[in-house]
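Each residue takes its place number in the sequence, starting with 1.
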Amino acid sequence: MTSHAEAWKFAAEPFGRVIFAAAAPVMERLRRLATAFRHRHDAAILMGLDDRMLADIGLTRREVRQAFDEPVWRDPTELLAGRVAGRRSARLVKRRAAPAIVPEIGGARALGGQIRRF
């Protein structure tokens with residue numbers, strides 16, 4: 001025979017799963033919101049840097065302002081990181097597009113009078 005405690009445990013278990021399943025997305029959103037606020041606070045330090053320091057990072061003051069114009073719940077560092085990454089990839093594409101200065105001779109490059117095969 002089952003006790004009342006065991007019956008209550010079996011009856012409450014599915015209810016607990018439902019509550020946990022409903023609370024998990026809410027908790028995830030709260031976690032993302034807390035992270036966005038923390039990153040917003042960290043990114044506010046960028047506003048104190050001068051233009052030269054921002055250029056060293058790969059940003060402009062306008063981009064930092066635009067990142068803070070986003071709604072409060074959005075992470076400004078995602079926008080800033082995307083801008084920097086976009087510039088870096090564009091520079092890499094530019095570098096690859098440049099023609100080679102060293103002439104190729106039958107699959108080898110002539111370097112300073114020597115022929116090296118690759």
Q.
Please say yes or no: joined through hydrophobic side-chain contacts below 4.5 Å, possibly via intermediate residues, are Ile45 and Met47 part of one cluster?
A. no
**Q.** Which atom of Gly58 lies closest to which atom of Val84, heavy atoms considered
**A.** O-CG2, 3.6 Å
(Q) If you compare all heavy atoms of Leu46 against all heavy atoms of Leu54, which two are closest, and at what distance to 0.1 Å? (A) O-CD2, 3.8 Å
Q) Looking only at heavy atoms, what is the nearest atom pair of Pro76 and Ala43, with distance? A) CG-CB, 4.3 Å
Q: Measure the CG-CD distance between Leu80 and Glu70 for me, rounded to the nearest 0.5 Å.
A: 9.5 Å
Q | Min side-chain heavy-atom separation Val64-Leu49 under 4.5 Å | A | no
Q: Please report the shortest heavy-atom distance between Ala44 and Phe68, naming the atom on each side.
A: N-CZ, 3.4 Å
Q: Would you mind listing every salt bridge (Lys or Arg N to Asp or Glu O under 4.0 Å) that reaches into residues 34-50, with sequence neighbours excluded?
A: none
Q. Asp51: what forms a side chain to side chain donor-acceptor pair (under 3.5 Å) with it, not counting sequence neighbours?
A. Arg61
Q. Does CE belonging to Met53 count more than 12 external heavy atoms closer than 6.0 Å?
A. no
